[in-house]
Each structure stands twice: as structure tokens, then as C-alpha cells.
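The structure appears below as C-alpha cells.
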Amino acid sequence: MWCYTNGTCTYSDMDELIEVCVRNMVNEEFTEEQARAYLRETLPKLDYWKMYEELGDGRKFDEFKHELIEEINAFHIEGMPKLESLNALVGQYVNLEYRLE
């Protein structure tokens, strides 16, 4: 709920995501320490975070995404807004909104 918006994951840094989630998960029955431990155990098992691990160091993946964003923006596709970020889609998704010719 806090890391997935409009069909995309909004965080590429697991520690940053954990900080956001902990603030929202802590209550009278779930302490900060419990929330942190739960997230550290659960998040790496999700397909999205496994993919980061498979691609190597998270920073390398971020560098790759930045390079790709620059290359896509260099196409200057008419009607396509400037690309600011990329989010990995886990599973079988196809984006046919813009044709690259």
C-alpha cells in the first residue's frame, strides 16, 4: 500500500521503503522493532526485490535505469512526456502506449 502506486513500485531503496512502512505499521500491538524485523524478513522475498538482487548491486541497477531514461528521452517521441523514472514490472507486462520507430 505504501510502496506500490498506480501499478508501479515507488521505491528502489529498501531501507527507505522500510522507514516509510515502519511509520505506518507501528501501533499498540506492533512495535517499531517488530515492524522493522518483519519488513527485513519479508521484503527480500518479494519478486521486485529479488530482481534487484539478480541484477547485482542496487546502485548498478540505478545507474542502468538512469542511462536508459536518458536514452529514451533522447528519442524525443512526439506526445510522450519526459521520462523521469522507471519502475520494474514483475511478471508479464507489455506497454504498447508509445511506438518506437
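- Under the rule for a side chain to side chain donor-acceptor pair (under 3.5 Å), N27 has no partner lying at least two apart in sequence or in another chain.
- Taking every heavy atom of both residues into account, P44 and L39 meet most closely at CD-O, 3.8 Å.
- Taken to the nearest 0.5 Å, the CD atom of E71 stands 11.5 Å off from the CG atom of L83.
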Quiz item: Between R40 and D15, does a salt bridge (Lys or Arg N to Asp or Glu O under 4.0 Å) hold up when you go through it step by step?
Solution: CA-CA 9 Å; R40 292 240 177 255; D15 292 327; 2.9 Å; yes

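- Classification of R36 and E19 as a salt-bridged pair holds, one side-chain N sitting under 4.0 Å from a carboxylate O.
- A pairwise comparison of heavy atoms in V26 and T31 identifies CG2-C, 4.1 Å as the closest pair.
- Counting heavy atoms from C-beta on, the side chains of Y38 and M25 come closer than 4.5 Å.
- Remark: the backbone N or O of K82 is not paired with any side-chain donor or acceptor of N73 at under 3.5 angstrom.
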